[in-house]
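Values reported hereafter were calculated over all heavy atoms of this structure, with side chains retained and with hydrogens, waters and symmetry mates removed. This is a predicted model, so every value here is computed, not measured. If you read the sequence from its start, that first residue is 1, and numbering goes on from there.
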Amino acid sequence: MSLPADQYWEFPHLSRRMPVLAANVVSTTQPLAAQAGLRMLLAGGNAVDAALAAAITLTVVEPVMNGLGGDAFALVWDKGELHGLNASGRAPSAWTPEYFAGRDAMPDIGWDTVTVPGQVAGWVELSKRFGKLPFADLFEPAIAYAANGFPVSPTIARQWASQAPKLSSQPGFSDAFLKDGIPPKAGEMWRFPAQARTLERIAATLGQDFYQGELADKIAAFAAKTGGALTASDLAQHTCEWVKPISMTYRGDYMLHEIPPNGQGIAALMALGMLDTFDPPQENDPRSHFHLPIEAMKVAFADLHEHVCDPVTMGELTAKMLDPAYLRQRARLIDPVRASTPVAGVPDQGGTVYLTAADSNGMMVSFIQSNYHGFGSGVVVPDTGIALHNRGRGFSLVPGHRNQVAPGKRPLHTIIPAFITRKGQPFASFGVMGGNMQAQGHVQMMQQLVDLQRNPQAAVDAPRFRVEAGPRVMLESHVPESITNALKASGHRIEPQGPDSLEFGSAQVILRQEHGAYIAASDPRRDGQSVGY
């Protein structure tokens, strides 16, 4: 499956952005963060050092999508093996079903959405196991931007302004992120000295202060004062988990790897397993290129929301949901020409930032962190810059549901890094941000990179669909009209989106070439940038 070089390097979509080709690369959603990662590579660090410096910087320069109080996941290819890290947090000990009595669903924002933030501990774990540079060195760019300021980009300024009205009444938000009661405008310098001091403490204590120190005490005291259930004991008990990635073979030679539940990556694997029973898609063919993956995602999402939860509760169900026989059975529900509304099957019973980095020694990192919805819960611990996520919103309150809230339990998670191998060797690290867009974005990127053999930038630029509840199907504005009309004729409920819509996430990809160098692509839908040398 190889194409002539001139055909591979075509750029058929609107952005005309060029990829970066280099032996060492970093690709993420904000240029200052990408450059922070590159600084670590130039200082003798490896891909993990670069990824962590970029991630830490993103909490400062892109607070509308992540913060110090979020969760993270990572996939690391090193020395011929793929490693997975689950750095998501658990529910406070007070979160029994009775704690939420009288509610039909988890709240959207506020303290009752705040689980233990696992991200800082994830940074520490990655650095200890794989990093070359001192942990404190990774914080230098972020601390400088927080202390001295940086100009806010137009995209981030728009997102800041759109989120502020909903969150302004939450404890600590306005004092932290609305100076003089208003969000910063595009081009305005933003400084946050308190966040710089917090980053310095995390760096100096190898993250321990966040979970068992002054910062932990501040978080717990603010929760007690303003109605939160999170305690110092909850923070002190947090641990990350190294996990074995789950995977799905696709088109023979390729394999997509994901973090196992509690993440939604299993839905991408299930959809690929179903699509593998059909012929590969053809360019601009509405049936194979849009209709079939849309239908596969609807089937996969039905199972995801019925069965996926904390891995301890899942037991052997993860393997059963990926069983080829079960996926062939589920694939038979897909009508090749008509839209459907599937229900969950029964297997045999017994606001986010993404970044990727790679170095000349062959190490590749696929990393994602998030406060979930923009700034997250809206709760910001005073004099720290710690904006706490609202990841607890992912729990169910339905009695007996596998994902029902419980003390110490991890909720269903949306953020997922991805990694592709070809014939057992690294092929690409990538991610697509944006709630439930992520699993379906992974499927669409696999079709672009594997089936259509697109170069990474063309794959990133290609128009995407997004399946929502209803089921509704949103299409990017540059989807050809012929495809939109064909999908409508098949019974899909289509909702076209404007050219500035951010509903389709943002993607970054690093593809490893056979000679060992990389092709890095970033998404023009946000302020993404790839850098390298």
Side-chain angles (χ1 to χ4, degrees), residues 19-29 33-34 37-38 40-41 46-55 58 72-85 87 122 126 130 243 245-248 250 254-259 263 265 268-269 272 352-369 415-433 438-439 441-446 448-450 454-457 459-460 505-514 516-523 528-532:
V20 170
L21 284 76
N24 300 272
V25 286
V26 182
S27 184
T28 190
T29 57
L38 185 62
M40 300 303 126
L41 290 169
N46 60 21
V48 164
D49 295 317
L52 288 173
L58 282 167
F73 296 87
L75 291 166
V76 179
W77 179 273
D78 183 49
K79 297 181 177 64
E81 185 177 355
L82 189 64
H83 308 265
L85 177 67
L126 285 166
F130 294 108
V243 297
I246 54 177
S247 58
M248 178 61 60
Y250 187 62
Y254 295 88
M255 185 171 286
L256 177 64
H257 305 267
E258 302 274 358
I259 296 288
L269 300 182
L272 280 182
T352 302
V353 292
Y354 174 81
L355 61 93
T356 178
D359 64 35
S360 57
N361 290 321
M363 178 181 281
M364 300 178 70
V365 183
S366 183
F367 184 92
I368 198 161
Q369 66 186 27
I415 61 173
I416 47 174
F419 200 93
I420 308 171
T421 54
R422 183 185 183 198
K423 297 181 179 179
Q425 296 302 308
F427 179 73
S429 55
F430 74 97
V432 181
M433 291 153 280
Q438 294 177 62
H442 288 192
V443 169
Q444 293 172 76
M445 291 299 296
M446 284 291 289
Q448 290 288 326
L449 293 169
V450 174
R454 291 294 189 193
N455 71 71
Q457 192 63 56
V460 165
S506 178
Q508 276 76 39
V509 181
I510 293 176
L511 186 146
R512 181 177 170 86
Q513 301 182 84
E514 290 185 2
Y518 304 98
I519 307 169
S522 57
D523 203 321
Q529 185 179 63
S530 300
V531 293

Colleague: Would you call Leu256 and Tyr250 a side-chain contact if the rule is heavy atoms closer than 4.5 Å?
Modeller: no

Colleague: Who are the side chain to side chain donor-acceptor pair (under 3.5 Å) partners of Glu258, not counting sequence neighbours?
Modeller: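 For Glu258 the side chain to side chain donor-acceptor pair (under 3.5 Å) partners, ignoring immediate neighbours, are His442.
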
Colleague: Evaluate side chain to side chain contact (heavy atoms under 4.5 Å, CB included) for Ile259 paired with Leu75, printing each intermediate quantity in order.
Modeller: CA-CA 8 Å; Ile259 296 288; Leu75 291 166; 3.7 Å; yes

Colleague: Are any non-hydrogen side-chain atoms of Tyr254 and Leu449 less than 4.5 angstrom apart?
Modeller: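 They are not in contact (no side-chain heavy atoms under 4.5 Å apart), so the answer is no.
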
Colleague: CD1 of Ile420 to OG of Ser247: how many Å apart, nearest 0.5 Å?
Modeller: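 These two atoms lie 12.5 Å from each other.
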
Colleague: Would you sort out whether Thr29 and Leu58 count as a side chain to side chain contact (heavy atoms under 4.5 Å, CB included), showing the intermediate values?
Modeller: CA-CA 8 Å; Thr29 57; Leu58 282 167; 3.6 Å; yes

Colleague: How close do Leu126 and Val76 get, counting heavy atoms only, and between which atoms?
Modeller: CD2-CG2, 3.9 Å

Colleague: Do you know the tightest heavy-atom contact between Gln438 and Thr352?
Modeller: NE2-OG1, 4.1 Å

Colleague: Just to verify, what does Ala51 make a side chain to side chain contact (heavy atoms under 4.5 Å, CB included) with, not counting sequence neighbours?
Modeller: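 Here the qualifying residues are Leu355, Ala357, Val365.
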
Colleague: What closest approach, in Å, do Val443 and Ala268 show between heavy atoms, and which atom pair accounts for it?
Modeller: CG2-O, 3.7 Å

Colleague: Out of curiosity, Gln425 CD to Glu514 CD, how far, rounded to the nearest 0.5 Å?
Modeller: 10.5 Å

Colleague: Who are the side chain to side chain contact (heavy atoms under 4.5 Å, CB included) partners of Ala358, not counting sequence neighbours?
Modeller: Val25, Met364, Ile510, Tyr518

Colleague: Once side chain to side chain donor-acceptor pair (under 3.5 Å) is applied, do any residues pair with Ser506, and if so which ones, sequence neighbours excluded?
Modeller: none

Colleague: Partners of Thr356 by side chain to side chain donor-acceptor pair (under 3.5 Å), sequence neighbours excluded?
Modeller: Ser429

Colleague: Taking only residues two or more places apart in sequence, or in another chain, which ones meet Thr421 in a side chain to side chain contact (heavy atoms under 4.5 Å, CB included)?
Modeller: Trp77, Met255, His257, Phe419

Colleague: Could you go step by step and tell me if Gln444 and Val432 meet the side chain to side chain contact (heavy atoms under 4.5 Å, CB included) rule?
Modeller: CA-CA 10 Å; Gln444 293 172 76; Val432 181; over 6 Å; no

Colleague: If we count only N and O atoms by modelled type, under 3.5 Å, do the side chains of Ser27 and Tyr354 hold a donor and an acceptor together?
Modeller: no

Colleague: Residues two or more places apart in sequence or in another chain: which of them pass side chain to side chain contact (heavy atoms under 4.5 Å, CB included) with Ala521?
Modeller: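 Side chain to side chain contact (heavy atoms under 4.5 Å, CB included) check on Ala521 returns Pro456, Gln457, Val460.
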
Colleague: Show the nearest heavy-atom pair for residues Gly265 and Ile416, with the distance to one decimal.
Modeller: N-CG2, 3.3 Å

Colleague: Can you give me the closest heavy-atom contact between Val20 and Val531, atom names plus distance?
Modeller: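 Looks like CG1-C, 4.2 Å.
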
Colleague: Nearest 0.5 Å, what's the CE-CZ distance between Met445 and Arg454?
Modeller: 12.0 Å

Colleague: Of all the heavy-atom pairs spanning Phe73 and Ala87, show the shortest one and how long it is.
Modeller: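 Phe73 and Ala87 have their closest heavy atoms at CD2-N, 4.4 Å.
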
Colleague: In chain order, what residues pass the ring pair (Phe, Tyr, Trp, His ring centres under 6.0 Å) check against Phe130, with sequence neighbours excluded?
Modeller: His83, Trp242

Colleague: Test side chain to side chain contact (heavy atoms under 4.5 Å, CB included) on Val26 and Met40 and set out the steps.
Modeller: CA-CA 10 Å; Val26 182; Met40 300 303 126; over 6 Å; no

Colleague: Spell out, as yes or no, whether a donor-acceptor pair under 3.5 Å connects the side chain of Asp359 to the backbone of Gly362.
Modeller: yes

Colleague: Rounded to the nearest 0.5 Å, how far does CD of Gln513 lie from CG of Leu21?
Modeller: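 If I round to the nearest 0.5 Å, the distance is 5.5 Å.
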
Colleague: Using modelled atom types and a 3.5 Å cut-off, is there a donor and acceptor pairing between side-chain atoms of Asn24 and backbone atoms of Ser360?
Modeller: yes

Colleague: Any chance you could measure Leu52, atom CG, to Asn46, atom CG, to the nearest 0.5 Å?
Modeller: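 Leu52 CG to Asn46 CG: 9.0 Å, rounded to 0.5 Å.
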
Colleague: Which residues pass the salt bridge (charged side-chain N to carboxylate O under 4.0 Å, His left out) test with Asp523, not counting sequence neighbours?
Modeller: Arg464, Arg525

Colleague: For Gln369, enumerate each residue passing the side chain to side chain donor-acceptor pair (under 3.5 Å) test, keeping only those at least two apart in sequence or located in another chain.
Modeller: Asn66, Trp123

